[in-house]
Amino acid sequence: MTRKEITTKEDLMKIIELFESIGITYWLDGGWGVDILAGRQTRPHRDIDIDFDEKYTEKLLEILLKMGYKIDTDWSPVRIELYSDELGYLDIHPFILAADGTSKQANLEGGWYEFEKDYFDSVSFEGKIIPCISLKGQKIFHTGYELREKDKHDILILENL
């Protein structure tokens with residue numbers, strides 16, 4: 001069976017509704033996060049990237065597995081990519097949230113990525129306020145690696161905001 005390689009705006013909204021129904025603090029990241037900042041979908045997306053409060057990791061995984069997701073890549077505690085025949089790929093990134101609005105995420109080398117509070121924002125998208133990585137955060141997150149064509153597209157969108 002062929003895998004679903006595109007996540008639609010409808011898939012995205014279902015995932016956002018799920019996070020909100022559970023009450024998990026989250027921010028959209030990656031390509032969908034860029035498009036949320038842009039206020040429109042600018043390209044097809046393979047997955048949905050979501051940064052979230054790590055204290056909900058077990059509960060979130062339990063719910064996602066019951067929904068039919070299966071773990072595809074487990075780089076815990078850095079990220080876990082899941083796949084659902086219905087909703088496609090979901091890439092979840094556990095963040096440890098601090099009271100002052102900063103956060104940190106484990107990295108693969110055993111250290112931490114640390115994020116200032118202005119890396120996090122929320123914007124209106126299709127009449128709904130959606131938490132997302134800020135313009136500043138997205139620009140920083142799109143550095144330090146070899147850019148793919150989709151990354152170059154996203155950077156162009158960010159530069160025009």
- [ ] Would you check if the side chain of Asp151 reaches a backbone N or O of Arg148 as a donor-acceptor pair within less than 3.5 Å?
- [x]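 At least one qualifying donor-acceptor pair exists.
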- [ ] May I ask you to decide if Asp29's main-chain N or O and Gln138's side chain share a donor-acceptor pair within less than 3.5 Å?
- [x]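 Here the side-chain-to-backbone pair does not exist.
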Distance-only donor-acceptor hits, side chain of residues 50-59, under 3.5 Å, sequence neighbours excluded:
| unit_1 | atom_1 | unit_2 | atom_2 | d |
| --- | --- | --- | --- | --- |
| Asp53 | OD1 | Lys55 | N | 3.1 |
| Thr57 | OG1 | Glu54 | O | 2.7 |

Task: Check: Tyr83 and Asp47 side chains under 4.5 Å, non-hydrogen atoms - done: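 Side-chain contact under 4.5 Å: no.
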Task: Residue pair Ile80 / Leu82, side-chain heavy-atom distance below 4.5 Å - done: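 Contact flag for Ile80/Leu82 side chains = yes.
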TODO: Would you mind checking if Arg46 and Glu81 are paired as a salt bridge, meaning a charged N to carboxylate O distance below 4.0 Å?
DONE: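 The answer is yes: the pair qualifies as a salt bridge.
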TODO: Taking only Lys NZ, Arg NE, NH1 and NH2, and the carboxylate oxygens of Asp or Glu, determine whether Lys128 and Glu20 approach each other closer than 4.0 Å.
DONE: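 Answer for the salt bridge query: yes.
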Open item on the list: Distance check, rounded to the nearest 0.5 Å: Leu161 atom CG versus Leu37 atom CG?
Closed with: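 Reported value, rounded in 0.5 Å steps: 6.5 Å.
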What residues form a side-chain hydrogen bond (donor to acceptor under 3.5 Å, both in side chains) with [X], not counting sequence neighbours?
| X | answer |
| --- | --- |
| Arg43 | His45, Asp154 |
| Lys4 | Asp11 |
| Ser76 | Asp74 |

Pair up each side-chain donor or acceptor in residues 113-122 with any protein partner under 3.5 Å, not counting sequence neighbours, and list the distances.
| unit_1 | atom_1 | unit_2 | atom_2 | d |
| --- | --- | --- | --- | --- |
| Asp118 | OD1 | Lys136 | NZ | 3.3 |
| Asp118 | OD2 | Lys136 | NZ | 2.8 |

Listing, residues 87-100 side-chain donor-acceptor contacts under 3.5 Å, not counting sequence neighbours, or none:
| unit_1 | atom_1 | unit_2 | atom_2 | d |
| --- | --- | --- | --- | --- |
| Tyr89 | OH | Arg3 | NH1 | 3.1 |
| Asp91 | OD1 | Arg79 | NE | 2.9 |
| Asp91 | OD2 | Arg79 | NE | 3.0 |
| Asp91 | OD2 | Arg79 | NH2 | 3.1 |
| His93 | NE2 | Asp49 | OD1 | 3.3 |
| Asp100 | OD1 | Thr102 | N | 3.0 |
| Asp100 | OD1 | Thr102 | OG1 | 2.6 |

